[in-house]
Undergrad: 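I'd like to ask some things about the structure below.
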Protein chains: 2
Amino acid sequence: MSIRLTKMAENREKLIAAARRAFAEQGYAAASMDTLTAEAGLTRGALYHNFGDKRGLLAAVVDQIDSEMADYAKSVGAKAENAWLGLLAEGAAYIEKALDPEVQRIVLLDGPSVLGDPSQWPSQNKCLQSTRSTIEKLIENGIVKPVDAEAAAMLLNGAALNAALWLASSANPQAMLPKTLEAFNLLASGFLVKG
Amino acid sequence: MSIRLTKMAENREKLIAAARRAFAEQGYAAASMDTLTAEAGLTRGALYHNFGDKRGLLAAVVDQIDSEMADYAKSVGAKAENAWLGLLAEGAAYIEKALDPEVQRIVLLDGPSVLGDPSQWPSQNKCLQSTRSTIEKLIENGIVKPVDAEAAAMLLNGAALNAALWLASSANPQAMLPKTLEAFNLLASGFLVKG
DNA sequence: TCAAGTGACATACATTGCGTATGTGAAAGG
DNA sequence: CCTTTCACATACGCAATGTATGTCACTTGA
């Protein structure tokens with residue numbers, strides 16, 4: 001049974017990996033389950049058995065990508081000198097990661113349409129709560145003004161993700177990145193007690 | 001010919017109106033063109049003649065809703081005492097308008113997935129440029145710090161739209177609205193020369 | 001050890017829906 | 001008055017999803 005379990009887990013991973021490619025390259029709607037599963041060496045039967053339906057597969061893919069992003073952002077934030085710089089670094093990490101076309105297409109464009117409001121996703125919610133607790137700590141320490149921490153976390157996250165979308169479709173993303181990060185930091189400084 | 005033109009325009013409006021309802025209630029993907037056009041007293045023939053394809057119809061619907069939002073936000077902003085308060089009022093107007101389920105589903109969720117990055121849409125671009133020029137004026141007057149006006153406008157818009165999505169799926173949107181607006185204003189004040 | 005059951009997937013089928021190709025009736029134009 | 005065009009309807013083909021059914025390996029209990 002343990003053997004079958006790991007084999008099943010392998011097939012799940014193969015399907016998710018194939019889906020990441022297909023969804024990223026063709027978009028969720030245009031991706032065919034037949035060709036997608038064939039590339040993984042399986043058929044649609046495996047898909048519906050493991051994920052229920054096409055939506056379930058997208059949910060699994062989004063969760064994986066989103067978790068990778070959250071982990072990366074958190075690790076970057078932890079390296080900062082203090083909590084405030086950590087918050088800014090997390091935002092910057094999100095913007096940079098979201099420049100990846102795969103993230104754009106799957107997490108930022110198709111995800112919300114198919115799965116609904118991102119702030120309700122398990123992965124995003126985890127990230128939001130992390131940011132929220134950081135902000136609460138900053139408020140307690142008198143660094144950030146007393147503000148609704150949850151709303152503040154959501155605003156920062158939303159601005160960062162939107163910035164990435166905007167950046168990616170700009171003429172020269174790499175050139176605009178510094179200016180965008182500067183504007184983002186300025187925006188965030190609105191929460192500071194002293195500018 | 002003028003008679004036919006107005007009649008055609010009427011049919012366009014009927015199709016767009018039916019599409020607004022269908023897309024809002026069932027979502028873009030689940031909405032059937034057959035039933036949608038039947039509700040407008042027409043067939044799919046009229047649709048493909050007027051809008052090219054399903055995407056074209058969504059583009060027309062999005063443009064209409066988005067223009068209504070931009071007009072409203074601009075009119076609200078114009079009533080403010082000064083340019084800075086006008087900017088804040090525009091953001092608040094956007095958040096409030098985006099609480100409408102129709103706007104949520106069509107403009108914020110399905111729109112980006114089917115039509116791509118919103119900042120590239122004609123309607124959104126118009127609104128962004130409006131915000132941008134307001135920010136540029138505020139920079140010239142020494143009220144706002146020297147920052148990339150386009151990036152700043154995009155960040156404010158993105159934060160506002162995301163806030164609306166988050167608000168709508170919260171337990172008690174009306175109760176959270178004031179706190180969210182307060183946090184939004186605080187965030188925006190990061191651009192001010194003196195807080 | 002063997003028969004029955006279960007689980008993971010494959011195969012076959014039915015339904016739905018988009019896009020296009022073709023048809024039609026009415027208005028415009030010469 | 002005839003013809004051409006235009007706005008829309010009708011008919012068709014294709015593709016894709018979800019489900020129902022089949023199959024085979026593996027486990028389980030007596």
Side-chain angles (χ1 to χ4, degrees), chain A residues 1-62 105-106 110-111 113-116, chain B residues 1-62 105-106 110-111 113-116:
Chain A
M1 172 174 165
S2 64
I3 295 174
R4 292 203 65 79
L5 255 181
T6 59
K7 185 172 182 185
M8 190 179 175
E10 278 178 20
N11 282 346
R12 270 185 66 98
E13 282 309 308
K14 278 199 281 188
L15 287 173
I16 291 180
R20 275 180 78 144
R21 273 190 311 233
F23 290 161
E25 289 171 6
Q26 317 169 26
Y28 173 80
S32 162
M33 309 292 269
D34 265 327
T35 63
L36 188 160
T37 51
E39 282 177 7
L42 296 165
T43 68
R44 287 214 325 267
L47 236 171
Y48 287 94
H49 190 72
N50 279 287
F51 301 98
D53 58 356
K54 193 178 183 181
R55 256 187 71 162
L57 179 60
L58 178 64
V61 169
V62 162
R105 180 78 250 182
I106 300 179
D110 288 336
S113 173
V114 179
L115 306 174
Chain B
M1 172 175 163
S2 64
I3 295 174
R4 291 206 65 80
L5 255 182
T6 60
K7 185 172 183 185
M8 190 178 177
E10 278 178 21
N11 282 346
R12 269 184 67 99
E13 282 308 309
K14 279 199 281 189
L15 287 174
I16 291 180
R20 276 180 78 145
R21 274 189 313 231
F23 290 162
E25 290 172 5
Q26 318 169 27
Y28 172 80
S32 161
M33 309 294 267
D34 266 326
T35 64
L36 188 159
T37 51
E39 282 177 8
L42 295 165
T43 69
R44 289 215 324 268
L47 237 171
Y48 287 95
H49 190 71
N50 279 286
F51 302 99
D53 58 357
K54 195 178 182 181
R55 256 187 70 159
L57 179 60
L58 177 65
V61 169
V62 161
R105 179 80 249 181
I106 300 179
D110 288 337
S113 172
V114 179
L115 306 174

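Per chain, numbering begins at 1; letters A, B, ... match sequence-line order.
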Undergrad: Given atom CD of A/Glu10 and atom P of C/dA8, what is their separation to the nearest angstrom?
TA: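 It works out to 14 Å between those atoms.
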Undergrad: Which value, rounded to the nearest 0.5 Å, describes the distance between B/Thr43 atom OG1 and B/Leu36 atom CG?
TA: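 B/Thr43 OG1 to B/Leu36 CG: 12.0 Å, rounded to 0.5 Å.
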Undergrad: Show your working on side chain to side chain contact (heavy atoms under 4.5 Å, CB included) between B/Leu47 and B/Leu42 and close with a plain yes or no.
TA: CA-CA 8 Å; B/Leu47 237 171; B/Leu42 295 165; over 6 Å; no
Undergrad: Roughly, in whole Å, what's the span from CZ in A/Phe51 to C1' in D/dT17?
TA: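 These atoms are roughly 17 Å apart.
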Undergrad: With heavy atoms under 4.0 Å as the rule, sort B/Leu47 into base, sugar-phosphate or nothing.
TA: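 If one applies the 4.0 Å heavy-atom cut-off, B/Leu47 turns out to touch nothing in the nucleic acid.
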Undergrad: For the pair made of CZ in B/Arg12 and P in D/dA7, what is the distance, rounded to whole Å?
TA: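 Distance check: B/Arg12 CZ to D/dA7 P gives 11 Å.
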Undergrad: Which one, D/dT17, C/dC9, C/dG19, comes nearest to the side chain of B/Asp53?
TA: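 Among the listed nucleotides, the one closest to the side chain of B/Asp53 is C/dG19.
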Undergrad: Can you tell me the distance, in whole Å, between the OH atom of B/Tyr48 and the P atom of C/dT22?
TA: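 B/Tyr48 atom OH is separated from C/dT22 atom P by 17 Å.
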Undergrad: Separation of A/Gln26 atom CD from D/dA15 atom P, in whole Å?
TA: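 Atom CD in A/Gln26 sits about 14 Å away from atom P in D/dA15.
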Undergrad: Under 4.0 Å, counting only non-hydrogen atoms across every strand here, what does A/Ala29 touch: a base, just sugar-phosphate, or nothing?
TA: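 No contact.
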Undergrad: Judged by atom type as modelled, is there a donor-acceptor pair below 3.5 Å linking the side chain of A/Arg105 to the main-chain atoms of B/Ser113?
TA: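 Yes; at least one donor-acceptor contact below 3.5 Å.
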Undergrad: Atom CG of B/Asn50 to atom C1' of C/dG19: distance rounded to whole Å?
TA: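 In whole Å, C/dG19 C1' lies 16 Å from B/Asn50 CG.
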Undergrad: Check the distance between D/dA16's C1' and A/Arg55's CZ and give it to me in whole angstrom.
TA: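 Interatomic distance, CZ of A/Arg55 to C1' of D/dA16: 18 Å.
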Undergrad: Which sits closer to the 5' end of DNA chain C, A/His49 or A/Arg44, going by the nucleotide each is nearest to?
TA: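 Nearer the 5' end of the strand: A/His49.
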Undergrad: Test your reading of the model: is there a side-chain donor-acceptor pair from A/Arg20 to the backbone of A/Leu15, 3.5 Å cut-off?
TA: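 No, the answer is negative, given that no donor and acceptor are paired below the 3.5 Å cut-off.
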Undergrad: I need the NZ-C1' distance between A/Lys54 and C/dG17, as an integer number of Å.
TA: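 My rounded result for the distance is 13 Å.
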Undergrad: Taking all heavy atoms of A/Asp110 and all of A/Leu58, pick out the closest pair and write down the distance.
TA: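 What the structure gives for the nearest pair is O-CD2, 4.4 Å.
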Undergrad: Checking all strands, does B/Ala38 fall into the base, sugar-phosphate, or nothing category for heavy-atom contacts under 4.0 angstrom?
TA: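 Nothing, no nucleic acid heavy atom in range.
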Undergrad: Nearest-nucleotide wise, let me know which of A/Thr43 and B/Ala31 is further upstream toward the 5' end of DNA chain C.
TA: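 The 5'-side residue here is A/Thr43.
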Undergrad: Among C/dC18, D/dT17, C/dC9, which nucleotide has an atom closest to any side-chain atom of B/Met33?
TA: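 Nearest to the side chain of B/Met33 among the choices is C/dC18.
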Undergrad: Can you see if the side chain of A/Asn11 gets near the phosphate of C/dA8 - specifically, an N or O under 4.0 Å from OP1 or OP2?
TA: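 For C/dA8, OP1/OP2 do not have a side-chain N/O of A/Asn11 under 4.0 Å.
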Undergrad: In terms of side-chain heavy atoms of A/Ser32, which of C/dC18, D/dA16, C/dC9 is nearest?
TA: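 So the side chain of A/Ser32 is nearest to D/dA16.
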